[in-house]
Amino acid sequence: MIIFNKENQIKKALNSIMKFNNFRFLVIFSNFIFVNVLYFIDYTFITEYFKLFEVYILLLFSLLVYFNIKYFGFFHIMVFFHSTFLLFVLGKVPADLFDIASIQEFYSLVNNNFEIITIIEALLISVLSLLAINLFSFFFIPKKLKLLNSNKLYVSIGKKIMLFSFPLIFIKLYIEYKFIMTVGYVSYYAGAATNIHYPFILIGISHMIFSFGYFIFLAGIPELKKFKLYSYIFLFIMLMDALKGSRGVLVLPILFYFWYLGNFYEINIKKYKKIFIIFSIILISFSQFYAQYRLDSSKSYDYSKILSFLTDQGRSVSLLSLYIENKNSMPETTLGYIFEPLTFPFVYVNNRSLLSHGQNIDTVTLRENLNHRLTYYLNENYYLSGGGLGSSYIAEAYEFGYLGIILFSILLPYLISILYKYSDKRIVVFFSFYIVTHIFTIGRAEYFMNLWGILKYSILYVIFILILKILIKKDLKNVPKYN
């Protein structure tokens, strides 16, 4: 009788899962067809119902987030992906809906007021991309990582590298911060950073050494307490680095911290949900405060600016709209903007002297990069003074039209699935920080990761493995043999 009841409970659970999965697929697929129909017909009629269209987008997005949390779990990469997609791609939709800021206005040193039809096209292809990703993510991406056993040697070596490089990177950041206070943020990012001279080479490369130590530490799957402690050390350095002007340098590692925590350890999900929400509020406040401070440190903090966070961050729809308006008049690329991160190492090696001086005409000519070329095309002086509009995988994919959006959106969940399917390989965990933080920013960044950074850390990892093998062999030789 007990066995019979258990069998019934299992059958009921399986039936409810099947019903949920079927319902989820039906909702996503029907909306995918609906948005396709809107895209291919004359969608000018949406201009009369634009507010209603925005409500539809936000309701659909909320439903997709619910599906992902229900299916994958709160700390899964797809939930984080949707959070950053809202922030970077759809951020201006709620701001426009509640009249906080107009989605048609884009105020930067490249100023623009978009036609509403351009905004509608940008939103349609953004939603199409999101639906295509969701349609295939449930088929491709596993719910959980394949977990590795802890490796104490990796953990120990990673800790030692971090502690060794900690004072070096602190000195490096102090030198850079003083330099920025002299020349200004814009000049620093426009190429003036190449004029900084460090006392010795180890200080100059300390950031790479410190990060490498943390990646080795992560690949060792440390105990929870050790993970927290050394992650706090890592985050402290990222905070210092963020003071140079890039807020994402701090925000992304914090998001990664929660992702790693929720995927590699058995934790109290409810407890860490609350902690994550509190952290998010603090990060938003810090981000807006520091943005104001950079613009004018003499003014007191305007707390109402917190409400404009989504508008400030949700630039991807504006970037995409700029690309839609100008793509036919811009110079053609050889391979496409989307492949530039993969070809960059070869371009850089062959033209290192020309590409080592920040943003200039040589950079625009040699690099088929959407950020560089679109910014330069729209405002040459803004670009040459260090300004940039950023990028977006949607704009890069749209260079190939509708098919580009669909194909690259379908490919994305497959690429993400590699992280989950091969997470029992230590090298995959070693690169997890790189991979995961890139997925978080893809809505406002390039589709592919920059191969140059991957190659640098790959070389270091290979050297590390070779040294490890040599040392282990020596230890084995010294072990006495007994007959």
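From a predicted model like this one, the values you see are computed outputs, not experimental measurements.
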Cut-off 3.5 Å, no hydrogens considered: what does the side-chain donor-acceptor table look like for residues 395-404, sequence neighbours left out?
{"residue": "Glu396", "atom": "OE1", "partner": "Tyr447", "partner atom": "N", "Å": "2.9"}
{"residue": "Glu396", "atom": "OE2", "partner": "Ser391", "partner atom": "OG", "Å": "3.4"}
{"residue": "Tyr398", "atom": "OH", "partner": "Tyr39", "partner atom": "OH", "Å": "2.8"}
{"residue": "Tyr398", "atom": "OH", "partner": "Glu121", "partner atom": "OE2", "Å": "2.6"}
{"residue": "Glu399", "atom": "OE1", "partner": "Tyr337", "partner atom": "N", "Å": "2.8"}
{"residue": "Glu399", "atom": "OE2", "partner": "Thr333", "partner atom": "OG1", "Å": "2.6"}
{"residue": "Tyr402", "atom": "OH", "partner": "Asn36", "partner atom": "OD1", "Å": "2.3"}

| query | What heavy-atom pair brings Val317 and Ala122 nearest, and what distance separates the two atoms? | reply | O-CB, 4.1 Å
| said: Within the structure provided, determine whether Phe440 and Trp259 are in side-chain contact (heavy-atom separation under 4.5 Å). | reply: yes
| query | Any side-chain heavy-atom pair from Ile77 and Phe81 closer than 4.5 angstrom? | reply | no
| Listed by chain and number, what are the ring-ring contact (aromatic ring centres under 6.0 Å, His included) partners of Phe50, not counting sequence neighbours? | none
| message | Taking the side chain as everything from C-beta on, heavy atoms only, tell me whether Leu124 gets closer than 4.5 Å to Phe53. | response | yes
| query | If you round to the nearest 0.5 Å, how far is OG of Ser231 from OH of Tyr214? | reply | 3.0 Å
| Is the centre of the Tyr56 ring less than 6.0 Å from the centre of the Phe34 ring? | yes
| field | Student check: side-chain heavy atoms of Ile338 and Tyr393 closer than 4.5 Å | value | no
| field | Exceeds 12 heavy-atom contacts within 6.0 angstrom, atom CD1 of Ile201 | value | no
| message | Has Ser30 got a side-chain atom pairing as donor or acceptor with Val27's backbone, closer than 3.5 angstrom? | response | yes
| task | Would you mind reporting whether Phe138 and Phe25 have side-chain heavy atoms less than 4.5 Å apart? | result | no
| field | Contacts of Asn381 that satisfy side-chain hydrogen bond (donor to acceptor under 3.5 Å, both in side chains) - sequence neighbours left out | value | none
| Excluding sequence neighbours, so at least two apart, what forms salt bridge (Lys or Arg N to Asp or Glu O under 4.0 Å) with Asp99? | Lys51
| Over 12 foreign heavy atoms within 6.0 Å of NZ, Lys144 | no
| said: If you define the side chain from C-beta out and look only at heavy atoms, does anything of Phe139 sit under 4.5 Å from Pro413? | reply: no
| task | Look at the side chain of Asn326 and the backbone N and O of Leu322, then say whether any donor-acceptor pair between them is shorter than 3.5 Å. | result | yes
| said: Could you measure the distance from the CZ atom of Phe210 to the CD1 atom of Ile237? Nearest 0.5 Å is fine. | reply: 5.0 Å
| Heavy-atom donor-acceptor pair, Thr118 side chain to Ser321 backbone, under 3.5 Å | no
| Check: Lys92 side chain, Glu105 main-chain N or O, donor-acceptor pair, under 3.5 Å | yes
| said: I'd like to know if the side chain of Asn371 reaches the main chain of Leu389, judged simply by a donor and an acceptor atom lying under 3.5 Å from each other, with no hydrogens or angles considered. | reply: yes
| task | Kindly state whether the ring of Trp452 and the ring of Tyr348 have centres lying under 6.0 angstrom apart. | result | yes
| query | Would you call Ser392 and Phe88 a side-chain contact if the rule is heavy atoms closer than 4.5 Å? | reply | no
| task | Walk me through it: do Tyr257 and Tyr232 pass the test side-chain hydrogen bond (donor to acceptor under 3.5 Å, both in side chains)? | result | CA-CA 9 Å; Tyr257 169 84; Tyr232 295 154; 3.2 Å; yes
| CD1 of Ile169 to CD1 of Ile203: how many Å apart, nearest 0.5 Å? | 11.0 Å
| Any donor and acceptor pair, going by atom type alone, linking the side chain of Ser409 with main-chain N or O of Ile133 inside 3.5 Å? | no
| Counting only heavy atoms not in Phe32, do more than 12 fall under 6.0 Å of its CZ? | yes
| task | Determine, stepwise, if the pair Ile394 / Phe408 fulfils side chain to side chain contact (heavy atoms under 4.5 Å, CB included). | result | CA-CA 9 Å; Ile394 302 172; Phe408 285 110; over 6 Å; no
| query | If you look at every heavy atom in Val89 and Ser316, which pair is closest and at what distance? | reply | CA-CB, 3.9 Å
| How long is the gap from CD1 on Ile171 to CD1 on Ile175, to the nearest 0.5 Å? | 7.0 Å
| task | Kindly say whether the aromatic ring centers of Phe234 and Phe433 come within a distance under 6.0 Å. | result | yes
| request: Could you tell me how the ring of Phe431 sits relative to the ring of Tyr434: parallel (under 30°), tilted (30 to 60°) or perpendicular (over 60°)? | output: perpendicular
| request: Keeping the roles fixed (side chain from His438, backbone from Asn450), state whether a donor-acceptor pair exists under 3.5 Å. | output: no
| remark: Rounded to the nearest 0.5 Å, the CG atom of Leu255 sits from the OG1 atom of Thr84 at a distance of 8.0 Å
| task | Look at the rings of Phe85 and Phe61 and say which category their plane angle falls in: under 30° parallel, 30 to 60° tilted, over 60° perpendicular. | result | parallel
Which pairs of donor and acceptor atoms, one on a side chain in residues 63-75, lie under 3.5 Å apart (sequence neighbours left out)?
{"residue": "Asn68", "atom": "ND2", "partner": "Leu64", "partner atom": "O", "Å": "2.7"}
{"residue": "Asn68", "atom": "ND2", "partner": "His82", "partner atom": "NE2", "Å": "3.4"}
{"residue": "Asn68", "atom": "ND2", "partner": "Asn134", "partner atom": "OD1", "Å": "2.8"}

| query | So, the side chain of Thr363 versus the backbone of Gln359: is there a donor-acceptor pair under 3.5 Å, distance only? | reply | no
| Result of checking Leu130, Ile28, Leu131 against Leu60 for side-chain contact (heavy atoms from CB on, under 4.5 Å) | Leu131
| Do any N or O atoms from the side chain of Gln104 and from the backbone of Phe114 form a donor-acceptor pair under 3.5 angstrom? | yes
| Quick one: salt bridge (Lys or Arg N to Asp or Glu O under 4.0 Å) partners of Glu340, sequence neighbours excluded? | Arg367
| query | Sub-3.5 Å donor-acceptor pair from the side chain of Ser62 to the main-chain atoms of Leu58, do we have one? | reply | yes
| query | Do Val364 and Arg373 come within less than 4.5 Å of each other through their side chains, counting heavy atoms only? | reply | yes
| message | Nearest 0.5 angstrom please: Leu412 CG to Phe448 CZ, how far? | response | 9.5 Å
